[in-house]
Q: 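Take a look at the following structure, please.
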Amino acid sequence: MKFISTRGNEDGFLKEVEFSYTLLNPSTSFGGLFVPKTLPLLDKDFISKNYNLSYEELALNVLKMFETDIEDEVLKDALSLYKKFDDKNDTTPLVKIEDDLFVNELYHGPTRAFKDMALQPFGHILSHLADKSGKKYLILAATSGDTGPATLDTFADKKNIQVVCLYPDGGTSDVQRLQMVTQSGENLKIIGINGNFDDAQSALKSLLSSSSFKDELQKNSISLSAANSVNFGRIILQIIYHIKGYFELLKRGEIKEGEKIYITIPSGNFGNALGAYYAKKMGLPIEKILIASNANNVLTDLINEGKYDIRDKELISTSSPAMDILKSSNVERVLFDKFGANRTRELMESLNRENFYTLKDWELKELQSDFAAVFSDDVFGKESIKKYAKKGYVMDPHTATCIKAYDKLKKKNLKMILCSTAEWTKFAPTMLNAINDDNKKYSDLEALKTISKELNIEITPSVMELFDKEILHDVIVDKQLIEEEILKFIKS
Ligand SMILES: *Cc1c(COP(=O)(O)O)cnc(C)c1O
């Protein structure tokens, strides 16, 4: 299978590339993203042969359909990392919480967020390619708390790869911070910055356009790659769990073959939702993909009104920080799929230049044929956490935003799968505020222990262990000093 750019072709760039190329060089013509030229189909035969398989087996068969240029053996080894998850026979447990509502728990990997679903195998494949190429690669990541730990875990001690991770000091939970600063690996550098996530991300962006920085990389023969969801290697692995969720409903007799379902997704950069969109295009019977947002509701406005408008918007810090985002990168891939490269380039250039674009009426209708969207605030999120905790199901603040979509957007009498993107243990203070209905400032440790006792649930051992681990990375700097820190690390 070949990959092309969402913004058409620019001189000096390859017109069509293989999968391995997109992993190592994720940016392309006119600042666009790579997308597959065509998608494979999930036909009746595929469904009947695969609905009963384990996650790992299904994943291999889905990846094989894409006919990538990665050898089967490498794919198999990469997917065998799912054995590290809590239950190797049930990688993504599907839990029924209402007669028509099922939670697809995607957070049972090493860092307790759904980022592991893609980053575990992705890290193996990318490391394999870097090793084979004999070249050195640098991966830069800015994180609001979940991408960082998952990226560091997957690349620790991998050959020919160095990772630098920037996080906002004070902007993550204690658990998220500890997951990063206690992570061992000679090839990892973790830097806290004085500022918020936006500052971390813009520092990274200005670094990427700094010519002195680029010169230094070149002098040291280092190429740049990316591990965020602009990299298609992440997206391809995020199609699979949507298929698995549907197959699980089939297996349990909750739905009949061909019966449609809703899938609801707590969204930020839209990678998870894009995975569902591709699954739908491949033929998975999805009625609609429901996009749940928090108070940063740019996606709600886009899908309901056809306007992407961040001219007067400032990022709001919420209790679901992984969804605090203004520019949601993967929307671009949907625009391309629906409206083609020229129009995508026009819209994205408008967004970059004016912080704004508007879809035409027919374009909006087209978008609404696959998506519906709603947002909720922290008060609603906390009420939902409390409501379900009382019924015996504990969901994290990101997952809780989906309850609004269940209440408001489910127009037909169909089953719904809701993607759960993180374990509650990563956001314990917010969880305790929700359960106690207060606004006290709890420490993570205090909140973890209290919730564990009150709700009689276990704290995941790897999370508890964090509090006794040695801190290996204690660098916290002002924005101006980031480049210097990174260069020191690269040369060491
Ligand atoms: C990353 C993340 C999201 C947002 O996912 P996208 O694919 O970027 O839309 C939602 N919830 C949690 C817990 C996350 O870590």
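Both counts, for ligands and for their atoms, begin at 1 and track the order of listing. The analysis underlying the following values was restricted to heavy atoms, covering all of them including side chains, and did not include hydrogens, waters or symmetry mates. Numbers here simply count residues along the sequence, with the first being 1.
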Q: Can you establish whether the number of heavy atoms outside Lys313 located under 6.0 Å from its atom NZ is more than 12?
A: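 Count over threshold, so yes.
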
Q: Could you tell me the residue and atom name of the protein heavy atom closest to atom 4 (C) of ligand 1, and the distance to it rounded to 0.1 Å?
A: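 Answer, as residue, atom name and distance: Gly268 N, 3.6 Å.
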
Q: Looking only at protein heavy atoms, identify the closest one to atom 14 (C) of ligand 1 and say how far it is in Å.
A: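 It is Lys115 NZ, 2.9 Å.
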
Q: Determine, for Glu346 against Arg343, whether the closest basic-nitrogen to carboxylate-oxygen distance falls under 4.0 angstrom.
A: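 Looking at Glu346 and Arg343, the cut-off is met.
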
Q: Taking Gln238 for its side chain and Gly271 for its backbone only, find out whether a donor-acceptor pair lies under 3.5 Å.
A: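 Judged by distance alone, yes, a pair lies under 3.5 Å.
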
Q: May I ask whether Ser267 places a heavy atom under 4.0 Å from ligand 1?
A: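 The answer is yes: ligand 1 sits under 4.0 Å from a heavy atom of Ser267.
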
Q: By number and element, which atoms of ligand 1 are closer than 4.0 Å to a non-hydrogen atom of Ala422?
A: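 Near Ala422, the atoms of ligand 1 are 13 (C).
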
Q: Spell out, as yes or no, whether a donor-acceptor pair under 3.5 Å connects the side chain of Asn104 to the backbone of Leu94.
A: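 A pair under 3.5 Å: no.
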
Q: Would you check whether Asp396 has a nitrogen or oxygen atom less than 3.5 angstrom from a nitrogen or oxygen atom of ligand 1?
A: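 Between Asp396 and ligand 1 (N or O atoms, distance only) the closest approach is not under 3.5 Å.
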
Q: Taking 4.0 Å as the limit for heavy-atom contacts, which would you say applies to Asn269 with ligand 1: side chain only, backbone only, both, or neither?
A: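 For Asn269, the contact with ligand 1 is made by both the backbone and the side chain.
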
Q: Polar-atom distance check: Gly271 versus ligand 1, any N or O pair below 3.5 Å?
A: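 Min N/O separation from ligand 1 is below 3.5 Å for Gly271.
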
Q: Of all the atoms in ligand 1, which lie at a distance below 4.0 Å from a heavy atom belonging to Asp146?
A: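 Near Asp146, meaning under 4.0 Å from one of its heavy atoms, ligand 1 has 12 (C), 13 (C), 14 (C), 15 (O).
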
Q: After noting the C-alpha distance and the side-chain angles of His242 and Asn272, does the key distance pass the side chain to side chain donor-acceptor pair (under 3.5 Å) rule?
A: CA-CA 9 Å; His242 296 298; Asn272 197 350; 3.2 Å; yes

Q: Is the Tyr55 ring parallel, tilted or perpendicular to the Tyr82 ring (thresholds 30°, 60°)?
A: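 Ring orientation, 0 to 90° scale: perpendicular.
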
Q: So, the side chain of Asn294 versus the backbone of Thr318: is there a donor-acceptor pair under 3.5 Å, distance only?
A: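 No, because the side chain of Asn294 does not come within donor-acceptor range (under 3.5 Å) of the backbone of Thr318.
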
Q: Would Lys469 and Glu465 pass as an ion pair if we require N to O under 4.0 Å?
A: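 Salt bridge flag = no for Glu465 with Lys469.
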
Q: Is Arg311 paired with Asp309 through a side-chain N to carboxylate O contact shorter than 4.0 Å?
A: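 Salt bridge between Asp309 and Arg311, a charged N being under 4.0 Å from a carboxylate O: yes.
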
Q: Using distance alone, determine whether Asn272 and ligand 1 share an N or O pair under 3.5 Å.
A: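 Yes; the residue has a nitrogen or oxygen that sits under 3.5 Å from a nitrogen or oxygen of the ligand.
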
Q: Tell me whether Ala322 has any N or O atom under 3.5 angstrom from an N or O of ligand 1.
A: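 In fact, backbone or side chain, Ala322 has no N or O that close.
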
Q: When you measure from the heavy atoms of Tyr107 to every atom of ligand 1, does any distance fall below 4.0 Å?
A: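 Distance cut 4.0 Å: Tyr107 fails for ligand 1.
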
Q: Return the residue, atom name and 0.1 Å-rounded distance of the protein heavy atom closest to atom 5 (O) of ligand 1.
A: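 That would be Phe114 CZ, 3.6 Å.
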
Q: Looking at Asp396 and Lys426, is any side-chain nitrogen of the basic one under 4.0 Å from a carboxylate oxygen of the acidic one?
A: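 The answer is no: the pair does not qualify as a salt bridge.
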
Q: Tell me which part of Lys426 gets within contact of ligand 1: side chain, backbone, both or neither, using heavy atoms under 4.0 Å.
A: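 Near ligand 1, Lys426 shows nothing, with every heavy atom at 4.0 Å or more.
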
Q: Please determine whether any non-hydrogen atom of Pro266 lies less than 4.0 Å from an atom of ligand 1.
A: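 The answer is yes, since Pro266 has a heavy atom less than 4.0 Å from ligand 1.
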
Q: Starting from atom 12 (C) of ligand 1, find the nearest protein heavy-atom neighbour and note its residue, name and distance.
A: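 Answer, as residue, atom name and distance: Thr421 OG1, 3.3 Å.
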
